[in-house]
Amino acid sequence: MESALTARDRVGVQDFVLLDAYTSESAFLDNLRKRFSENLIYTYIGTLLVSVNPYQELGIYTVSQMELYQGVNFFELPPHVYAIADNAYRMMCSELNNHFILISGESGAGKTEASKKILQYFAVTCPMTESLQIARDRLLLSNPVLEAFGNAKTLRNDNSSRFGKYMDIQFDYKGIPVGGHIISYLIEKSRVVYQNQGERNFHIFYQLLEGGEEELLAYLGLERDPQLYKYLSQGHCAKESSINDKNDWKTVSSAFSVIDFTEGDLENLFGIIASVLHLGNICFEENDQGCATIPDIHEIKWIAKLLGVQPSILLEALTHRKIEAKTEEVICPLTLELSVYARDAMAKAVYGRTFTWLVNKINSSLVNKDFTGKTVIGLLDIYGFEVFDKNGFEQFCINYCNEKLQQLLIERTLKAEQAEYEMEGIEWEPIQYFNNKIICDLVEERHKGIISILDEECIRPGPATDLSFLEKLEEKVGKHAHFQTRKLAGPKGRKRIGWMEFRLFHYAGEVTYCTKGFLEKNNDLLYRHLKEVLCRSKNRILKECFLVAELENRRRPPTVGTQFKNSLSSLLEILISKEPSYIRCIKPNERKEPNKFDDLLVRHQIKYLGLMEHLRVRRAGFAYRRKYEHFLQRYKSLCPDTWPYWHGPPAEGVERLIKYIGYTPEEYKLGRTKIFIRFPRTLFATEDAFEFSKHQLVARIQATYKACLERRVYVKKRQAAIRLEAHWRGALARKVAKRRKWAVRTVRKFIKGFINRNKPLCPDNEEFIVFVRKNYILNLRYHVPKNVLDKSWLRPPGILENASDLLRKMCIRNLVRKYCRGITAERKALMQQKVVTSELFRGKKEGYAEVLNQPFANSRIGVSTSSLSDGILVIHVSPEDHKQKGDAILQCQHIFEAVTKLVMLVKRGNIVDVVQGSLQFYIGPGKEGTIVFDTGPEEQIYKNKNGQLTVVSGCGRK
Ligand SMILES: Nc1ncnc2c1ncn2[C@@H]1O[C@H](COP(=O)(O)OP(=O)(O)OP(=O)(O)O)[C@@H](O)[C@H]1O
C-alpha cells in the first residue's frame with residue numbers, strides 16, 4: 001500500500017508519515033514546498049490534513065472530484081479536504097457517533113474556505129430527500145449571510161472571519177443532513193467603530209451601500225458613497241478590487257429569503273445597520289461648560305426613525321449619563337470624550353447583539369425538531385493565531401482561544417496517545433512535546449490568571465486604569481515563565497517592550513500585547529441611559545436584543561473576558577465528547593499571492609501548529625487502535641471461528657481472527673483491552689476484506705430474514721389452512737351425520753311403512769305409501785300401453801289396486817279415443833266392412849279369423865259391364881295370390897239390379913265401369929282375356945279361335 005502511495009506521488013510524499021527524515025523540519029518544509037509548487041496543496045500526517053492556501057482556483061473542487069472521494073478508503077486517493085469530510089462522514093454513519101473537524105491556522109490560511117468546501121461536499125454527496133433539500137440549502141446559504149455580517153477585509157485576509165464559528169451539521173440515521181446549529185464566538189465589535197489603515201468594516205455595510213436599491217437607501221437615509229461615513233472610511237480602502245460588494249449583496253439578499261427572513265425582519269435589520277452608520281456620523285461639540293453637545297441633529301433624527309426611539313431621548317442619552325444615587329437618579333452631562341465613547345459603545349452593542357440575534361435566527365431556520373437518532377459532524381472554523389505589530393484585547397482573546405485548542409489537540413492526540421500506550425502495556429518510546437497547559441493556566445486560572453486579574457481591575461472601586469492593570473499583572477504573575485513586561489525583562493528584552501505592554505510566550509511564539517483599552521473592552525460598558533433607550537426601541541430586533549429585564553437586573557454582567565473564557569470551556573466540552581479530525585491550514589505568503597512560498601513564514605507555522613510533534617507521534621505510534629470487543633464485533637465475519645458468535649474472551653477472539661486473516665507480528669500489538677495496528681495499509685486491507693464480506697453477509701442476512709418472513713407467512717397460512725380444513729371436515733362430517741340420521745329415520749319409516757303398508761293411510765305408513773304411490777306412478781309412466789291392442793299393465797301395490805284400475809281404464813279409454821280419432825273415413829268403411837264380415841261369418845266359417853286381420857283392399861273388386869243390352873257382368877278380383885283364379889264373368893238376367901245391389905253393398909259407386917266395345921279381364925298370372933261386345937240380330941256368346949270371347953246383343957234392344 002505504502003509503495004503504491006509513493007508510486008502515485010509524483011511530487012514529494014503525500015503523507016509525511018512516509019518521509020524518511022521525519023524528524024527534520026527542513027525535510028518537512030521541502031516536501032510541503034515541492035508539492036505546493038506543483039499545486040498539490042494537501043498533504044497528510046496520518047489522518048491529519050495539512051493544507052497550504054494556493055491563493056488561486058485550482059479546479060479541484062468539482063462535483064466529479066467529490067464523487068471520486070465518495071466512500072473511498074481514506075488513503076486510496078491523493079490527500080484532499082473531501083477525504084477528511086468523507087472519512088468523518090463514513091465513520092459517523094458506521095459507528096453512529098459524533099465527530100468534529102477542527103480547522104485551524106492563522107488568519108488567511110484558508111480555514112473558512114476549507115469549511116465551505118466540506119459543507120459543499122456534504123451537500124452534494126450525502127443522500128437527500130426532497131423535503132430535506134431546504135435544510136441543505138439553508139445550511140449552505142447561512143454562510144454568505146454570516147460572512148456578510150461577521151467577515152471583513154483585514155491586512156491579512158480580504159475575507160477575514162472576525163468571529164469564531166462552530167457549526168454542527170446534524171444527520172439522521174440514514175446519513176441525510178437534516179439540520180444544523182451554529183455557535184458564534186466573540187465577534188470583533190471594535191471593528192464597527194474603528195478600522196486600521198488598509199482594513200474595512202464588516203462587509204454588510206459596503207454591500208448595502210453598493211448593492212442596495214435606491215428606494216431602500218432612501219428609506220434608510222443613506223448615500224451610496226461609503227466615504228461619507230466615518231465608520232467606513234477610516235481604513236481608506238472602502239473599495240477593494242478583490243471584493244465585489246454588488247454581487248455579494250445579491251447573494252446575501254437571496255440567501256435571506258431561503259433562511260426564513262421576512263420583509264419585516266429585513267427592514268428592521270437594515271434599519272439597525274443604517275443607524276450604526278448614522279451613529280458614526282454624529283459630531284459632538286464642546287460647550288462653554290466643557291459638556292458635549294450635538295449641533296446637527298440630522299443623524300439623530302434618522303437613527304430615531306430607524307430604531308423607533310424618541311429623538312430627544314436619544315440625544316440626551318448620547319450626551320448625558322444617569323447616575324444612580326441611593327434613592328434618586330441624577331442626570332449629568334458627558335464630556336465630549338465620554339460622549340464619543342457612549343456613541344461608539346452604542347454602535348458596538350447594537351451591532352454585536354444584532355449579530356447574535358442573526359445567528360439565533362439562522363439557527364431557528366436550521367433547527368430540526370426531530371431529536372431521535374441524530375449524529376453530528378461539527379465544523380470549527382475559528383480565528384487563527386494572530387501576531388500584529390500592535391496587539392490588543394482581541395488578539396489576547398484570539399490567541400488564548402488558540403492555546404485552548406492546542407490543549408485539546410494535545411489532550412486528544414499527543415498526551416492521550418502516549419497515556420494509552422502506557423495503560424495498555426504497549427512498548428513505546430515517549431515523545432517530547434510542549435504542553436501549553438501552563439500558558440492556559442496563566443490566562444484563565446481563577447483568581448490568579450490574567451482574565452481574573454483583569455476582571456478584578458474592572459470591578460474594583462477607585463480609579464482603575466490599563467496601567468494599574470499592568471501593574472497588577474506584574475505583581476501577581478510577574479514570576480511566571482511565560483509572562484514578561486518591560487519592567488521584568490532584562491536589559492536586552494526591555495527595548496522591545498513598551499511601557500504599557502506585556503508579553504506572553506505562547507506555544508506558537510511570543511506576542512506583545514498593549515494593555516491600552518483592555519479595561520474598556522473587557523467591561524464593554526454601555527451607559528444605562530443608552531441601554532434604556534435601546535430597551536424601549538420599537539425595532540423588533542432590538543426589542544429582542546435589549547430586554548427590559550436586563551435593566552432590572554442590578555447584578556453586573558460577566559465581563560467580555562470571562563464570557564469568552566466560559567464559552568471556550570463549553571466549546572471544549574462539546575469537542576471533547578466527539579471524534580476529532582484535524583485540518584491545519586498554512587498561509588504560504590503574506591501578500592496573498594499564488595505560487596509564492598515564504599519559507600520563513602511557513603516554517604513558523606509548521607512550528608506553532610505542532611506539526612512536527614504530531615508527525616513524530618504518528619511515526620512512532622500505531623495508526624489504529626480499537627477495543628477488542630469492537631474490533632471483533634466489526635470484523636468477526638472474516639473468520640469462521642468467530643462468526644457468527646465468539647463465546648470466549650474477546651482478546652482471544654481477536655487473536656484467532658488476526659491469525660486467520662494473516663497479520664504479521666510487526667503489523668500489530670495486543671494491549672490489555674485493545675488491539676493496536678501499526679500501518680494504515682493493514683487496516684485498509686482488513687476493511688476491504690470486510691467490505692467484500694459485507695455483501696455476502698448482507699445476502700445471507702437478507703436470505704435469513706426473508707426465510708424468517710416467509711416462514712412466518714407459511715406458518716400463518718398453514719395454521720389458517722389447518723383451521724379451515726378442520727372447519728371444512730367438521731362441516732362435512734356434520735353433513736354426513738345429518739344424512740345418516742336422515743337415512744336411518746327414512747329407513748326406519750320405510751320399514752314401519754312397509755309393515756303397515758296394507759293398513760289404511762295412517763301416520764305409520766303415510767310416508768311409505770306416498771313414496772310407493774309416487775314410485776308406482778313414476779314407473780307407470782314408462783309402462784303405459786302404447787296402443788289399444790296392448791293389454792299389458794304394471795302390477796300395482798295392494799293399496800293402489802283401485803287407483804290402478806281406474807287409471808288403466810282411463811288409459812284404455814284414452815287410447816281408444818285416440819285410436820278412433822285417428823281412423824280415416826276409408827278405414828272406417830273398411831272396418832264397417834269387417835263388421836259386416838263379422839256378422840256374416842264370425843263363428844260360422846272357418847278362416848274368418850285369419851281374414852279378420854287382413855284389410856280389405858278397395859281395388860280388389862271392380863265390376864264391369866258393357867254399354868250394350870247384354871247381361872254380362874265381369875267381377876274383377878285383383879289377384880294377390882298368383883295361384884288363384886282370375887276374374888268372374890257372370891251372365892245375369894237382372895243385371896241392373898244385381899250391379900246396384902253390389903254397389904250398395906260395398907257402398908262405393910265408383911266400382912262399376914261401363915265399357916264400350918271390349919274389356920280386358922284377368923284369367924291368371926300373365927294371362928288376360930278380351931271380351932268384345934257387339935250387336936247382332938241375335939244374342940249369342942261365343943269364343944273365337946284365338947280364345948276371344950264375343951258377346952252379341954240383339955239389335956232391337958239397343
Ligand atoms: N483552497 C483554496 N483555493 C483557493 N483559494 C483559497 C483556498 N483557501 C483559501 N483561499 C483564498 O484565501 C483567502 C483566505 O481564506 P480564508 O478566508 O478561508 O482564510 P481564513 O483562514 O478563514 O482566515 P480568517 O481567519 O481571517 O478568517 C480566501 O478568500 C481565498 O481567496
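Every number for a ligand or one of its atoms is a count from 1 in the order of the listing.
Salt-bridge annotation for E113 and K116: present, with a side-chain N of the basic residue lying under 4.0 Å from a carboxylate O of the acidic one.
H604 has its side chain out of reach of L609: every pair of non-hydrogen atoms, C-beta onward, lies at least 4.5 Å apart.
Looking at every heavy atom in both residues, N157 comes nearest to K592 through N-CE, 3.8 Å.
For ligand 1, residues of the protein lying within 4.0 angstrom by heavy-atom distance are N53, P54, Y55, Q56, Y61, E106, S107, G108, A109, G110, K111, T112, E113, N157, N159, S160, S161.
A search for ring pair (Phe, Tyr, Trp, His ring centres under 6.0 Å) contacts involving Y582 returns nothing, not counting sequence neighbours.
Remark: aromatic rings of F28 and F16 are close, center separation under 6.0 Å.
More than 12 non-hydrogen atoms from other residues, nucleotides or ligands lie less than 6.0 angstrom from NZ of K230.
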